[in-house]
Structures are given as structure tokens and as C-alpha cells.
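Chain letters run A, B, ... following the sequence lines, proteins first and then strands; every chain starts at 1.
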Number of protein chains: 2
Amino acid sequence: MAQSQKVERPARADALLNRERILAVALEELAQGADVPLSAIARKAGVGQGTFYRHFPTREALVMEVYRYEMLQVAKYAEHLLQTRAPDQALREWMTRLAEYAMNKAGLANAIREVSNVGSCAGKESYAPVVNAAQSLLDANERAGTIRPGITTDDFFLAIAGIWQINVNDEWKPRLVWLMDFVMEGLRAGAPARSA
Amino acid sequence: MAQSQKVERPARADALLNRERILAVALEELAQGADVPLSAIARKAGVGQGTFYRHFPTREALVMEVYRYEMLQVAKYAEHLLQTRAPDQALREWMTRLAEYAMNKAGLANAIREVSNVGSCAGKESYAPVVNAAQSLLDANERAGTIRPGITTDDFFLAIAGIWQINVNDEWKPRLVWLMDFVMEGLRAGAPARSA
DNA sequence: ACCTGAACACCGTTCAAGT
DNA sequence: ACCTGAACACCGTTCAAGT
């Protein structure tokens, strides 16, 4: 009858404002490098150290939240791909997009690597949509018989771990293409379709 | 006629001793966790901050040197495997050994991830034997036709990047096995042998 | 309830002084 | 030539005092 026990505290107006200001500044600063001191962001945002720290207890939490909206877009992009391409093609393009996105956002690859490992919990909510997107892509491919059955999202992200290791230099493109090919072939191996 | 320009400075006796002491202490300390402060190691080793810093300018450099000997053993193990097993079996077992080794040495996975990326140069020498071992394993497999031709060590380490992401918890074993299977299948795909 | 900002703890880095 | 260790710079974390 009553509301759920986990109350979604409405939060005070100034708290929300501070939070937004921090995120706005962080977005700017992170665009110029991942090694920005958190204290600098707090100062530029005009909030105290303590305030900053309560909103974002860890660096990963901040980075995840900063890119949350765009991460959500990437996740949603999976649906679009699934409706306009063959499942395996959709999966491949999605991986590529995820990789390129993570590469161009400073600190995002590290943050995801952190979150996708164990507990750490910080920013886990921001990452969840990506996992779900991967899940639906894998499901679609399994139904279509274009990948071997039984592959979990854990397996998947383990297979594409190299993504978080490629850094933007002169020859990142061919390396990424190679990795995508490699993973796709691996997922396809032993699939019902095209098998015999 | 004269000696090479890059003189291998013999180094003073006390310098060598200090270096050894640091490495000995670091080996102990790292066994109990990767988050040991470098200053603590310096103190326990009985050397000044500056001395420590000159010997190991970065954390990765220290970690790499600490495990250098054992890394060399892992690298050499490749030869043994190549002489006692089929090339593909040798490659697989070597990967597994490399993974398990890196997982159990605190901070090693992070250090390797750092070194195997770009420049950073620190500890690159310690890592080189591992790359060479991978090279010879890949060569042997290519000659035997058990993997598709043209795979570089860069490709290889990109494919197995997930190794550095698995952390020792309750279920690391099946995840590692899965990854090894996945990579091996991927390397095999399109190989001359067993192809038709 | 939330914010502030000084204070704290910590750690990597440097450097003038020693031997 | 190498070592020492105090001093420095920096950054994340806390907390008493404010509103």
C-alpha cells in the first residue's frame, strides 16, 4: 500500500543545482584530458570540497555520470541497429561504436574497466544500460543462430576487453578493426547458421 | 675501434646493493597487496626517498623489475612447451600460465597493461622476453598451419587483453578457461590445417 | 538537510647538503 | 658518483562550523 521502502529522496533544490554545475564543469574539463584534479573541478564549479565529495565519492562515479546521457544513447542505438540490420551486423557496428565512443571520452575507458570488473558499485547504474544493450544484441544473434549459444554478457565484455586498451594514436583504426573482426569470428564459431 | 657510445656504466657497489635491497623488500611487500606506498618500501629498505626514486622512477618500473626473473622463466617456458607439445597446445598452455602468473602477482597485470600499450618505456625491457616468446609461439603455429597467417604480437596481446582484467575471486577459473578457448578458436579460424 | 572551506593525511618528486 | 632526508607540491578525505 505505502510507497516502497527505498524512498527516492526528492533532494533539495540547491543540491541538485550544485550537482548540475559540477557535471557541467566536469564535461568541459574532461574534454581536455583525463588527468584533471577533482579539486580543480570543484573550485571551477564553485562548490566546496566536501560537497563535491558527497556527490561523487570516487573519480569513476563522476566520469560515469558525466557521460551517462551519451552512454544511454549508445545503449539505445543497439535497438535501432537491430531493426535496420542483420543481428550479426548490428552487433559488430555496435561494438565499434562503443569502442570509438569510449576512446574519445577521456577517462571513460578506465572507468568502464573499473566498473565492469567487480563490486566497486560506483557508477554501476550508468553502466547497466550498456550491459542490457549487449544482452539484447546477444539474444537476437543467438535466436538468429549467428553466434554460438550460451554466451553471457560477462563473456562478451571479457572478449572485447582489448577495446579499453587501445589508445588514440596514429594507428588505432586498423587495430580496432582487427579486434572487431576477431571477436565477431570468435562469437560466430560453432553457431548453428553457416555451420555445415 | 673504441667501445660503443652507449657505455654500460659498471655502477658503484653501494648502488647495486641498494637496488637489490629495494627489490627484496618490494617482493615481500607486494606479496601482501599492490597498494603498498612506495615510500614504505624505501623506508623498510633503508634507503632515502631520492635513492629509491632514481632507481625506479615509476611504480611500473619497480613492479616489472621485481617480477623480472619470474617473467623470464615464463617466457622461457614457451621453448619447453614448443618441444613437448603440438604448437597450438603449447600456445594455449602458455597463455594460461602467463595469465595465472600475472593474476597472482600483485600489480603485475596493471603494470603489463601499462607497458604493453604505448611508449612509457619503463620496464619495457622486462616485458620484451614475453613478447619474444609470444612471437616464437605464433611463428611455430603459423608454420604448422594451426593458426591463420599474419597475426602479430600486437594483435595477440590485444586479443588476450581480457587476461589483465580478470581478478582473483571465486570464479576466476571458468572465466579464464572460457577466454583461452575463445582466443584459441579465434586464432585457429581460417588456418590452413583443418580448414576444409 | 545541505554547504563551506580549512585542516588533515598521504604520497610522489625534488634538491641542497653530505660522503 | 651516489646517498640522505627534509622540504615541497599535490590531491583526496574529513569535519566543525555555518545557513
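Residues Met103(A) and Ile166(A) approach most closely at CG-O, 3.9 Å, considering heavy atoms. The two residues Asp35(B) and Arg59(B) make their nearest non-hydrogen contact at C-NH2, 3.8 Å. Listed here is the closest heavy atom pair of Val115(A) and Met64(A): CG2-CE, 3.6 Å.
At a cut-off of 3.5 Å, with distance as the only test, no side-chain donor of Glu100(A) or Asn104(A) sits close to an acceptor on the other residue.
Residue order along DNA chain D, read from the 5' end via each residue's closest nucleotide, puts Pro37(A) first among Gly50(A) and Pro37(A).
Across the strands present, dT19(C) finds its partner in dA1(D); the criterion is a Watson-Crick or G-U wobble pair with both atom distances under 3.5 angstrom. Pairing partner, dA7(C): dT13(D), with both Watson-Crick or wobble hydrogen-bond distances short of 3.5 Å.
Distance Asp35(A) CG to dG12(C) P: 17 Å, rounded to the nearest Å. Atom CD of Glu20(B) is separated from atom P of dC3(D) by 13 Å (rounded to the nearest Å). For the pair Tyr53(B) OH and dT4(D) C1', the computed distance is 17 Å after rounding to whole Å. If you measure from atom CG of Leu17(A) to atom C1' of dT19(D), you get 16 Å, rounded to the nearest angstrom. Distance CG (Asn18(B)) to P (dC2(D)): 11 Å, rounded to an integer number of Å. Look at CD1 on Ile41(A): it is 11 Å from P on dC11(D), rounded to the nearest Å. Protein atom NE2 of His55(B) is 15 Å distant from nucleotide atom P of dA1(D), rounded to whole Å. Here dC3(C) presents its C1' atom at 14 Å from CG of Leu16(A), a figure rounded to the nearest Å.
Looking at Gln49(A), its side chain comes within 3.5 Å of the base of dT13(D) through a donor and an acceptor atom.
Below 30°, between 30° and 60°, or above 60°: for Tyr127(A) and Phe157(A) the angle between ring planes is between 30° and 60°, a tilted geometry.
If you check dA1(D), dT4(D), dG12(D) against the side chain of Thr51(B), the one that comes closest is dT4(D).
Note on Arg54(B): a base of the nucleic acid sits closer than 4.0 angstrom, heavy atoms only.
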